[in-house]
> 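Below is the structure I would like to discuss, written out as structure tokens.
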4 protein chains.
Amino acid sequence: MRTGRPRDEKVRLAILRAAQELVLEKGYSAVTTADVAKRAAAGKQTIYRWWPGKGALVLDAFSEWVSQAPRMSRRKPSLSSTLVEFCRGASEAAPVLRALMAEAQFDEDLHRRLIAQLVRPRGDELRACLADRRPADRELVVNVLSGLVWQRLMLNEPLDARFVRFALRVVQRI
Amino acid sequence: MRTGRPRDEKVRLAILRAAQELVLEKGYSAVTTADVAKRAAAGKQTIYRWWPGKGALVLDAFSEWVSQAPRMSRRKPSLSSTLVEFCRGASEAAPVLRALMAEAQFDEDLHRRLIAQLVRPRGDELRACLADRRPADRELVVNVLSGLVWQRLMLNEPLDARFVRFALRVVQRI
Amino acid sequence: MRTGRPRDEKVRLAILRAAQELVLEKGYSAVTTADVAKRAAAGKQTIYRWWPGKGALVLDAFSEWVSQAPRMSRRKPSLSSTLVEFCRGASEAAPVLRALMAEAQFDEDLHRRLIAQLVRPRGDELRACLADRRPADRELVVNVLSGLVWQRLMLNEPLDARFVRFALRVVQRI
Amino acid sequence: MRTGRPRDEKVRLAILRAAQELVLEKGYSAVTTADVAKRAAAGKQTIYRWWPGKGALVLDAFSEWVSQAPRMSRRKPSLSSTLVEFCRGASEAAPVLRALMAEAQFDEDLHRRLIAQLVRPRGDELRACLADRRPADRELVVNVLSGLVWQRLMLNEPLDARFVRFALRVVQRI
DNA sequence: CTGTAAACGAGACGGTACGTCAAGTCTTACC
DNA sequence: GGTAAGACTTGACGTACCGTCTCGTTTACAG
């Protein structure tokens, strides 16, 4: 049986919400774990008990945010609509995504989490839209598309409609 | 006319060499400007007088390194040989490139320098190999290739021969 | 009438024993209430329910220890033998006594407890050996002797036989 | 030759003054190194560069304070006047002295500093007043007097005129 | 040859974030 | 209501790195 005081879900949510708000307000690098604790009316120690650092915390905060917009559609979505939606989300969260990917370059653990929580799921979504392609082609397309998107993010170029058309044109050629 | 003591070229080179050595030995994030100054038998101030920070310094250090292997060939190189060479270089310097691109996400100025000194030149090299393609296609291919490479770097996946074959296959389809 | 579960004497003793052991093993300041709880297989709350803090707990732990060596002698003991015994005890427990007196300087409540449980009883023992002196002299001697001992403790100087001779010489002069 | 930027005397004094002021205002344990740094408009690191911690800093701050009241008298002062002066100073600074002696019980280095900077000098002053006594007696008296004073401090009892008379009576008997 | 002005090595400095630690309180389920 | 377990808030701690500053010294060029 589990003993001791159970983890307080309200505190967990308050921390995630505070992290998200602060990052949106001031940007990733201007936020400190102490700021988040303050805003969440929590102790710094509580944050460090459950997350290894700012990166993993912010990643969780935005992972939950993404998950709150569930993909309900029962039917297989089209590639183009998925890509549009994909770029819209990435565009909104661009500063956070850039910061997380950057931080992950300095932090092996965060790198793993980032891939598992953000990179892979998005790849899988794309893959799901390409069920009718041959497996080898599918990987090609997924790699090219996500490569284009991440490059665009890191080079701080817009992920707009023009980009989506560009990407789709590339894919049709393959 | 400029008066005062002129900049000491030996010092400049010692700093660049020290930066390069230390980054190769301990990795980008484990090196501080103070470390570089110490190793180069220079003062921290001398570093900050000529570079805005660690990022720009390391970028310069590795730009010079890259330039030391000049592309001598007078004749237009093939895309595949260029890509092979490209990946070989990127693979060797992968940890530094990852760190610089990451740091650039937090530093507007470094971001500009990185694009001007590393990203754009490499794009131009690729473009030069694609002189026979239609301009629109050329951009497509350059984008896709550099997207694939940077993604590979940031996800810490190998830029090996298998990857080169993969990339070339993609390009041939376009 | 008292309701609810009565205080568990075994727990009380386990806590006191754990506190004593740990303080002897690692020293007062290296021990935390959490450590004591762990060793005693008790909860931190149980400690804080019955003692205001580490200081009072350790004081109790060592008060009991001291009391376990009860002074049985029915006849009035001599000053010199009392002093010898006094110094022997103080010497053994010196680190704890130093720490408790130190802690008491930052904690009003512990200060009172320390005086009531350790300082005053020892003064009274001395007083009992000086029944044949004039009251005013008696206070003089008690003050001088306990002053010498506490000073010796706080300055971390030995309370050895040489010191006892020294102290007795002082007293004979008064 | 001394190289590098020399230590800034103004900063050193600002830190000592800030430490002294804050300790007098809020009491030793309510003051943190960060507070002192803030008040002195200094960096925390600057404090830790020159002092091992709060204890040594406060000790220095009050050592200087004591030294600013120099004993100018060329002629040998009387024991009683020295003792009066002694008690007056100890009485004023009582809270700080108690805290420092307490802290020193947990900190070997501070203990040494405290003895060298405060305990020994005061003992020497007393010794100087007892030049006409036999050496063995002298030590006796010095020990008894300082023992009485420190005990009085640690037990938080007043070092008033009554105490001085008491102490002098003791000494005359020896 | 001499004065001036910038470069330089050394390292102190103010500032800020970090991650850890202990103290004391609170919340479960069990007894 | 006592108890074990352990999560919680709070706040000090000491460290690390950043970029600036302030010394004394060195080096070129100007007068």
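Lettering follows sequence order; numbering is per chain, from 1. Remember, it's a predicted structure, so these values are computed and weren't measured experimentally.
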> Considering every strand and a 4.0 Å limit on heavy-atom distances, what is the contact class for Trp50(D): base, sugar-phosphate, or nothing?
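Answer is sugar-phosphate: Trp50(D) comes under 4.0 Å of backbone atoms only.
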
> Could you tell me how far apart Tyr48(B) (OH) and dC13(E) (P) are, to the nearest whole angstrom?
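Between P of dC13(E) and OH of Tyr48(B): 19 Å.
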
> Calculate, to the nearest 0.5 Å, the distance between atoms CZ and NE2 belonging to Phe106(A) and His111(A) respectively.
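Taking CZ in Phe106(A) and NE2 in His111(A), the distance rounds to 11.5 Å.
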
> Rounding to an integer number of Å, can you tell me how far Lys38(B) NZ sits from dC18(F) P?
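Interatomic distance, NZ of Lys38(B) to P of dC18(F): 15 Å.
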
> According to a strict under-4.0 Å criterion, is Thr33(B) in side-chain N/O contact with OP1 or OP2 of dC18(F)?
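So the side-chain polar atoms of Thr33(B) do come within 4.0 Å of the phosphate oxygens OP1 or OP2 of dC18(F), strictly under.
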
> Taking the six-membered ring of Trp50(C) (Phe, Tyr or Trp), confirm whether the NZ or CZ of Arg12(C) is under 6.0 Å from its centre and within 45° of its axis.
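Because its charged atom misses either the 6.0 Å distance or the 45° angle limit, Arg12(C) does not stack over Trp50(C).
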
> To the nearest 0.5 Å, how far apart are CH2 in Trp51(D) and CG in Leu16(D)?
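One finds 4.5 Å between CH2 of Trp51(D) and CG of Leu16(D).
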
> Nearest-Å distance, CZ (Phe106(C)) to C1' (dA12(F))?
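Whole-Å distance recorded here is 14 Å.
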
> Taking for each residue the nucleotide of DNA chain E with the nearest heavy atom, is it Ala34(C) or Ala37(D) whose nucleotide lies nearer the 5' end?
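The residue closer to the strand's 5' end, by nearest nucleotide, is Ala37(D).
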
> Let me spell it out: for each of Gly43(B) and Lys54(A), pick the nucleotide of DNA chain E with the closest heavy atom. Which residue's pick is nearer the 5' end?
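Taking each residue's closest nucleotide, the earlier one in sequence belongs to Gly43(B).
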
> What's the shortest heavy-atom distance between Leu22(B) and Val31(B), and which atoms?
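Taking Leu22(B) first and Val31(B) second, the nearest heavy atoms are O-CG2, 3.5 Å.
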
> Kindly compute the distance separating CD1 (Ile47(C)) from OG1 (Thr32(C)), expressed to the nearest 0.5 Å.
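Going from the CD1 atom of Ile47(C) to the OG1 atom of Thr32(C) covers 8.5 Å.
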
> How long is the line joining CD of Glu103(D) and C1' of dC13(F), in whole Å?
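So the two atoms are 12 Å apart, to the nearest Å.
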
> Taking the minimum atom-to-atom distance to the side chain of Thr32(D), which one of dC8(E), dA5(E), dA12(F) wins?
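Of the options given, the side chain of Thr32(D) lies nearest dA12(F).
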
> Counting side-chain heavy atoms from C-beta on, which of dC13(E), dC8(F), dG14(F) comes nearest to Arg49(A)?
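For the Arg49(A) side chain, the nearest candidate turns out to be dC8(F).
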
> Is Ala41(B) touching bases, backbone alone, or none of the nucleic acid, heavy atoms closer than 4.0 Å?
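Counting heavy atoms under 4.0 Å across all strands, the contact made by Ala41(B) is with sugar-phosphate only.
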
> Quick one: Glu9(A) CD to dC8(F) P, roughly how many Å, whole number?
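That distance rounds to 10 Å.
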
> State whether the side chain of Gln105(B) and the backbone N or O of Met154(A) hold a donor-acceptor pair below 3.5 Å, judged by distance alone.
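Yes: the side chain of Gln105(B) pairs with the backbone of Met154(A).
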
> Nearest to the Val11(C) side chain among dT20(E), dA4(F), dA12(F), which nucleotide is it?
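Output: dA4(F).
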
> Looking only at the side chain of Gln45(D) (C-beta and beyond, no hydrogens), which of the listed nucleotides dG15(E), dT3(F), dG9(E) gets closest?
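When the side chain of Gln45(D) is considered, dG15(E) is the closest of dG15(E), dT3(F), dG9(E).
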
> When only distance counts, do a donor and an acceptor, one from the side chain of Arg5(B) and one from the base of dA28(F), lie under 3.5 Å apart?
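Side chain to base: no pair present.
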
> State whether Thr46(A) places a side-chain N or O below 4.0 Å from either non-bridging phosphate oxygen (OP1 or OP2) of dA7(F).
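Result: no.
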
> Measure from CZ on Arg7(B) to P on dG9(E) and round the result to the nearest Å.
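Nearest whole value for this atom pair: 11 Å.
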
> With hydrogens left out and only the distance checked, is there a donor-acceptor pair under 3.5 Å joining Lys44(A)'s side chain and the base of dG19(E)?
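Indeed, a donor on one side and an acceptor on the other fall under 3.5 Å apart.
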
> With nearest nucleotides of DNA chain F determined for Asp35(B) and Ala42(C) from heavy-atom distances, which residue corresponds to the more 5′ nucleotide?
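Comparing both residues, the 5'-ward one is Ala42(C).
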
> Please give, in whole Å, the distance from dC21(F) P to Lys10(D) NZ?
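Nearest whole value for this atom pair: 15 Å.
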
> What is the distance, to the nearest angstrom, from the CH2 atom on Trp51(D) to the P atom on dA12(E)?
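Rounded to the whole Å, the gap is 13 Å.
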
